[in-house]
Amino acid sequence: MKKITVIGAGKIGATMARFLHSGGYGVTVIDRDAQYLAKLDLPADIARREADIAQGLEASALEGQFAVLSAAPFHLTRNVAKAAAEAGVHYLDLTEDVASTRDVRALAENASSAFIPQCGLAPGFVSIAAHDLASHFDTLDTIRLRVGALPRFPSNALGYNLTWSTDGLINEYIEPCEAIIGGKRAMVPAMEGYETLGVDGVVYEAFNTSGGLGSLCETYDGKVRELNYRTMRYPGHRDIMKILLSDLRLAERRHILHDIFTHAIPGTSQDVVVVFITVTGTKNGQLRQETLARTIQARHFMGVDCTAIQITTAGSICAVLDLLAEGKIPTKGFVRQEDIPLDLFLENRFGSVYNHGAH
């Protein structure tokens, strides 16, 4: 039995722990809140440990572990990755933060184990899927990734409920976004690049948000005319957020925005994840387009009732861990999501969640 440590016992971290336990791994969960850990509805043989990762993580805490999976806030990424490097254990995370991933890459340079950041939905599955679609073309023109994690029954002006990390949401709405424009890598502002699109008869808006591309800009630098990532929301959301972030200058006071969101916007377990990836290029001299689309709803999986964002995010990182444990992806150094074959991912017991909702 391979031993795994999960850092962070929030909605996603706890789901990862349940999935891995069901999958035959020995699981330890670490969180800073002892009372929360004690009340958490987890199988009795999942070990629980209290530790404040903000104060650092000792390498000795990971002794005997096969891997550590971080579901902690993005600003704690380096602390976990540093301990993994010192302990010589494999490291996986869910971060969408660009700067945090640079830290992970630096730590991976001389590591004896694999460092695989950005293993969630976006970046994560969408990177794997986009890279696979792109491989079907002789030459590439555009790669466009659109992802929405949304309530099924929106009932406020924002058309939104909290379904995942509030800090992560605010971060991707504020930080600059990577893209390729006119064949050259560029940074573009978050909340811009507005467009509308329809999936299954539902109209969405989409706009730039940070972090969703992972390492795709580096991978496709000089190979594609246009590459971008945009978050999908119900129409009207972007304009209200621009008022909050720009006109009221809450981008400069994230703690206030965080407090407003957690106080006023309820969470929901009735959510949906929409993935819409389009690649255009030439095949046999003709301009062609291929699209991968998924609409994934909350459901029961691996013995657990899951929201759509839980099942897609936890399912993704657990699938990557399985592939690592089976030696089907690189087991040393920095591993990009693009290094993971889509067919192996979808055949995996956890990655199979993405076979649902296909169009």
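With no hydrogens or angles considered, no side-chain donor-acceptor pair links H131 and R336 at under 3.5 Å. Looking at H237 and E205, their side chains never bring a donor and an acceptor atom within 3.5 Å of each other. Counting only N and O atoms by type, the side chains of R254 and N171 include a donor and acceptor under 3.5 Å apart. No side-chain donor from either of S269 and T307 sits under 3.5 Å from a side-chain acceptor of the other. For Q289 and T280, the side-chain atoms include no donor-acceptor pair closer than 3.5 Å. Side chains of D93 and Y91: a donor on one and an acceptor on the other come within 3.5 Å. With hydrogens and angles left out, the side-chain atoms of S210 and E96 include no donor and acceptor closer than 3.5 Å.
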TODO: Kindly determine whether H356 and R299 satisfy side-chain hydrogen bond (donor to acceptor under 3.5 Å, both in side chains), including the steps that lead there.
DONE: CA-CA 10 Å; H356 288 256; R299 69 182 183 91; 3.2 Å; yes
Open item on the list: Apply side chain to side chain contact (heavy atoms under 4.5 Å, CB included) to residues I30 and I53 and explain how you reach the verdict.
Closed with: CA-CA 9 Å; I30 296 179; I53 306 303; 4.1 Å; yes
Task: Stepwise side chain to side chain contact (heavy atoms under 4.5 Å, CB included) check, M232 with V199 - done: CA-CA 11 Å; M232 298 163 63; V199 181; 4.1 Å; yes
Open item on the list: Would R349 and D322 count as a salt bridge (Lys or Arg N to Asp or Glu O under 4.0 Å) here? Give the steps.
Closed with: CA-CA 9 Å; R349 55 184 174 170; D322 260 0; 2.7 Å; yes
TODO: Go through V320 and I340 one step at a time and tell me if the side chain to side chain contact (heavy atoms under 4.5 Å, CB included) criterion holds.
DONE: CA-CA 8 Å; V320 176; I340 301 168; 3.8 Å; yes
TODO: Would you please test Q118 and T101 for side-chain hydrogen bond (donor to acceptor under 3.5 Å, both in side chains) and show each step?
DONE: CA-CA 8 Å; Q118 305 178 320; T101 300; 3.1 Å; yes
Open item on the list: Evaluate L227 against Y229 for side chain to side chain contact (heavy atoms under 4.5 Å, CB included), listing each step before the verdict.
Closed with: CA-CA 7 Å; L227 167 64; Y229 173 88; over 6 Å; no
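If you look at H90 and F115, their ring centroids are not closer than 6.0 Å. Centroid-to-centroid, the aromatic rings of F125 and Y354 come within less than 6.0 Å.
Under the 4.0 Å criterion applied to side-chain N and carboxylate O atoms, E86 and K82 are assigned as salt-bridge partners. We find that E226 and K184 are not joined by a salt bridge, their nearest charged nitrogen and carboxylate oxygen being 4.0 Å or further apart. Ion pair D271/R152 not flagged as a salt bridge, since none of the NZ, NE, NH1 or NH2 atoms sits closer than 4.0 Å to an Asp/Glu carboxylate oxygen. A salt bridge is defined here as a Lys NZ or Arg NE, NH1 or NH2 lying under 4.0 Å from an Asp or Glu carboxylate O, and E290 with K283 meets this definition. Under the 4.0 Å criterion applied to side-chain N and carboxylate O atoms, R185 and E178 are assigned as salt-bridge partners. Under 4.0 Å is where a charged nitrogen must lie from a carboxylate oxygen, and between R146 and E195 at least one such pair does.
Across every non-hydrogen atom of V279 and A130, the tightest pair is CG2-O, 4.2 Å. The minimum heavy-atom distance between S127 and Q337, with the atom names listed, is CB-CB, 3.7 Å.
Few gaps surround CD on E192; more than 12 heavy atoms of other groups in view lie less than 6.0 Å from it. With a 6.0 Å radius and a threshold of 12 heavy atoms from other residues, nucleotides or ligands, H263 has its NE2 atom at or below the threshold. Remark: D45 CG is packed, more than 12 non-hydrogen atoms of other residues, nucleotides or ligands lying under 6.0 Å away. For Q286, the CD atom sits in a loose shell: 12 or fewer heavy atoms of surrounding residues, nucleotides or ligands are nearer than 6.0 Å. Applying the 6.0 Å contact sphere to CZ of R225 captures more than 12 heavy atoms from other residues, nucleotides or ligands.
V98 and F207 fall into different hydrophobic clusters, where Ile, Leu, Val, Met, Phe, Trp and Tyr are joined by side-chain heavy atoms under 4.5 Å apart, directly or via other members. F19 and I296 fall within a single hydrophobic cluster, where Ile, Leu, Val, Met, Phe, Trp and Tyr side chains are chained together by heavy-atom contacts under 4.5 Å. Under the 4.5 Å side-chain heavy-atom criterion for ILVMFWY residues, no single connected hydrophobic cluster contains both L69 and V89. Residue L94 is grouped with residue L169 when hydrophobic side chains (ILVMFWY) are merged at heavy-atom distances under 4.5 angstrom, including chains of intermediate members. Both I116 and L321 are assigned to one and the same hydrophobic cluster, defined by single-linkage of ILVMFWY side chains at heavy-atom distances under 4.5 Å.
Note that the CD1 atom of I170 and the CD atom of E175 stand 11.5 Å from one another [nearest 0.5 Å]. Rounding to the nearest 0.5 Å gives a distance of 12.5 Å between CG of L323 and OG1 of T331. Rounding to the nearest 0.5 angstrom, the gap separating the NZ atom in K242 from the CG atom in L248 is 13.5 Å. Within the model, atoms CG of L257 and CG of L245 stand 6.0 Å from one another, a figure rounded to the nearest 0.5 Å. A distance of 7.0 Å separates CG in L244 from CG in L158, rounded to the nearest 0.5 Å. Taking CE of M16 as the start and SG of C318 as the end, the distance is 6.0 Å to the nearest 0.5 Å.
Contact annotation: the side chain of R230 never approaches that of T209 to less than 4.5 Å [non-hydrogen atoms, C-beta and beyond].
Proximity of a side-chain donor or acceptor of D132 to a complementary backbone N or O of L342 within less than 3.5 Å is not detected. Put simply, the side chain of N355 gets close to the backbone of L346: a donor and an acceptor are under 3.5 Å apart. Between the side chain of D305 and the backbone N or O of H300, no donor-acceptor pair lies under 3.5 Å.
For the pair K2 and Y25, the cation-pi test (distance below 6.0 Å, angle within 45°) is failed.
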